[in-house]
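Submitted below is the structure of interest, expressed as structure tokens.
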Protein chains: 2
Amino acid sequence: MPKSNQASQSNTVKTLQVIQTEVQNINKIALSVDCVIFGFDENKLKVLLIRSDLKKYHGKWSLLGDLVFPNEDLDAAAYRILKQRTGLSDVYLEQVHTFGKVSRHPAGRVVSVAYYSLINVQHHKLNILENELHWHDVKSVNDMAFDHQQIFDTCLQQLQKRVQEHPLGFNLLPKKFSLRELQNLYEAILDIKMDRRNFRKKFFAMDFLTDINEMEQDVAHRPGRLYKFDFDKYEKKKKKMIGIDF
Amino acid sequence: MPKSNQASQSNTVKTLQVIQTEVQNINKIALSVDCVIFGFDENKLKVLLIRSDLKKYHGKWSLLGDLVFPNEDLDAAAYRILKQRTGLSDVYLEQVHTFGKVSRHPAGRVVSVAYYSLINVQHHKLNILENELHWHDVKSVNDMAFDHQQIFDTCLQQLQKRVQEHPLGFNLLPKKFSLRELQNLYEAILDIKMDRRNFRKKFFAMDFLTDINEMEQDVAHRPGRLYKFDFDKYEKKKKKMIGIDF
DNA sequence: TATTTAATGTGTAAAATAAACACATTAAAC
DNA sequence: GTTTAATGTGTTTATTTTACACATTAAATA
């Protein structure tokens, strides 16, 4: 048990003045936000990427990000990026992890806070500048610029875990959806096949899908019923629950 | 559906030069690490806190933290703080969340990355400077300085969730422990009572406890068998698993 | 308008997991 | 030697999860 127990004796507590000096004059670092923006289209989970223009990463794709302003809340910076890139304001957004290796960015020391967001692709389609931004199938994402592959992988894993604990998926669907669409979404996110009857049973048992008495239109087969997610009902139910499953 | 779809047209991709200028000259922010250091003693979950010396927060307790140096990896800063405060090097450490509200710190704009760590209290007891550092029962922690109460709450919740998915708890115990100690630990972390027979059955079924054929000493009742956690066995087992439970 | 197509809508049985529960045994303290 | 306070051990029940098949519907087509 080799425990070196000599704690550094610079254990003095810093005064407010010392801290202020450090905060104002030294030890400052550029801070950025990178967003993994997920969408769902053609029964596939997609991610919105931008072409990197840095020579070192020519032709590679990167996440959407920007530096955080000194007078801007961290979450606000993430929302700003989403608004700029998709035109959407009311977006599901979740912080995942902060990446802080000294040499992770070619422009110098930049610590980046990763968020993922879930958007309904139908709502923003017009806002893509075609040559720069592109929706990629998550399965074909590899070899991104900087450490963005690692950031992307981390966010996708987080999404896969979260979507099994909380009803996030609805943010990726239209307001009205069929159970088949919902199941396709879960199968795309988790990259698995699910039993159709058990899937239905499970979601009906949760009891926050509202049957809106409408049917799918323009499908070349028997149309399915349409539902919407009852957010209020879910919130009430959530308060009664102990565990984290939904 | 009021969706304002005018995406900002400042959509131009920044050149490396522009980014470098921003990174070097403007938009820099002080970055800190705050550690929620958990320990386990007297069958209670404890957290190591330091007395705040700032007038504004006189008498309140705060987490152990410091600014990140510009040439220091983020994780390295967290390990540095732990080494300074506890004298321990090989510590379980996990990043939880980054807190970035503009006005969260009285010394100016400081974004803080929160980590929690799990240490064996027996290993470091000598290193506490008595008047400044103190082990608090987590149940009595409230009203901390700055936004540290929120950071603490977030980290405790994260620990409670993680400990049900992965075998972290062993980091809080001596190398050799009885099943009663292990159960006490889980009950303290999760703040619940568990059935003793089911608890044993569950851990034996996991099959990474090694019976070392020793018994407890100096207990005023029938002594229990001692076990150790077989890390290698767990790693092998983990690779075969699909889900997140252990 | 009859037939084909491709999906929807529905229930039950088996398997796996989790929860509830009691008594004989042991070493130390008295 | 008796008391004390814990350890060690299995079975039954309830709950949750999984596996699985066929009649129905609307559109498309012949």
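Per chain, numbering begins at 1; letters A, B, ... match sequence-line order. The figures here come from the full heavy-atom set of this structure, side chains too, leaving out hydrogens, waters and symmetry mates.
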Between B:Tyr227 and B:Ala220, which is nearer to the 5' end of DNA chain D once each is assigned its nearest nucleotide?
->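 Checking each residue's closest nucleotide, the 5'-ward one belongs to B:Ala220.
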
Gap between atoms CG and P, on A:Asn198 and D:dA21 respectively (whole Å) =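 In whole Å, D:dA21 P lies 13 Å from A:Asn198 CG.
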
Under a 3.5 Å cutoff, is there a donor and acceptor pairing between the side chains of B:Gln164 and B:Gln160?
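No, B:Gln160 and B:Gln164 have no side-chain donor paired with an acceptor closer than 3.5 Å.
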
ask   = Ion pair present between B:Asp143 and B:Lys60, side-chain N to carboxylate O less than 4.0 angstrom?
value =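 So B:Asp143 pairs with B:Lys60 through a salt bridge.
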
*When only distance counts, do a donor and an acceptor, one from the side chain of B:Arg222 and one from the base of D:dT7, lie under 3.5 Å apart?*
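It does, because a donor-acceptor pair links the side chain of B:Arg222 to the base of D:dT7 below 3.5 Å.
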
If you check the B:Asp195 side chain, which of D:dA6, C:dA7, C:dC21 turns out closest?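 Nearest listed nucleotide: C:dC21.
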
Q: Provide, to the nearest angstrom, the distance between the CG atom belonging to B:Asn184 and the C1' atom belonging to D:dT7.
A: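 Value for this atom pair: 13 Å.
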
- Query: Within the pair B:Arg200 and D:dG8, is there a side-chain N or O less than 4.0 Å away from OP1 or OP2?
  - Reply: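 Yes, within the criterion.
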
**Prompt:** For D:dG8, does OP1 or OP2 lie under 4.0 Å from any side-chain N or O of B:Arg225?
**Reply:**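 No, because none of the side-chain N or O atoms of B:Arg225 sits under 4.0 Å from OP1 or OP2 of D:dG8.
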
- Is the count of non-hydrogen atoms from other residues, nucleotides or ligands lying under 6.0 Å from B:Phe231 atom CZ greater than 12?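 Atom CZ in B:Phe231 is not crowded, with 12 or fewer foreign heavy atoms closer than 6.0 Å.
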
Distance, rounded to the nearest Å, where B:Met215 contributes CE and C:dA28 contributes P:
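Taking CE of B:Met215 and P of C:dA28, I get 10 Å after rounding.
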
Review point. Looking at the side chain of B:Arg196, which of D:dT9, D:dA28, D:dC20 is the nearest nucleotide?
Key: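 Of the candidates, D:dT9 comes closest.
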
Starting from C1' on C:dT8, measure out to CD on A:Glu181 and report it in whole angstrom.
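So the two atoms are 13 Å apart, to the nearest Å.
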
So A:Phe203 and A:Phe199, would you call those rings parallel, tilted or perpendicular, with 30° and 60° as cut-offs?
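Correct class here is tilted.
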
| Parallel, tilted or perpendicular: rings of B:Phe208 and B:Phe170 (30°, 60°) |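 Because their plane-to-plane angle is over 60°, the rings of B:Phe170 and B:Phe208 count as perpendicular.
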
- prompt: How many Å lie between CG on B:Asp218 and P on D:dT7, as a whole number?
  reply: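 Distance check: B:Asp218 CG to D:dT7 P gives 16 Å.
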
Is there, by distance only and without an angle test, a donor paired with an acceptor across the side chain of B:Lys201 and the base of C:dT17 below 3.5 Å?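 A donor-acceptor contact between them is absent.
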
**Request:** Return no unless some side-chain N or O of A:Arg197 is found under 4.0 Å from OP1 or OP2 of C:dG11.
**Result:**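 It does not, given that no N or O in the side chain of A:Arg197 lies less than 4.0 Å from OP1 or OP2 of C:dG11.
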
From CG of A:Leu226 over to P of C:dG9, roughly how many Å is that when rounded to an integer?
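One finds 9 Å between P of C:dG9 and CG of A:Leu226, rounded.
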
**OP:** Measure the distance from CD on B:Gln217 to C1' on D:dA6 and round it to the nearest whole Å.
**Re:**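 In whole Å, D:dA6 C1' lies 16 Å from B:Gln217 CD.
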
Checklist entry - Whole Å only: how far is the CE atom of A:Met194 from the P atom of D:dC20? => result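 These atoms are roughly 17 Å apart.
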
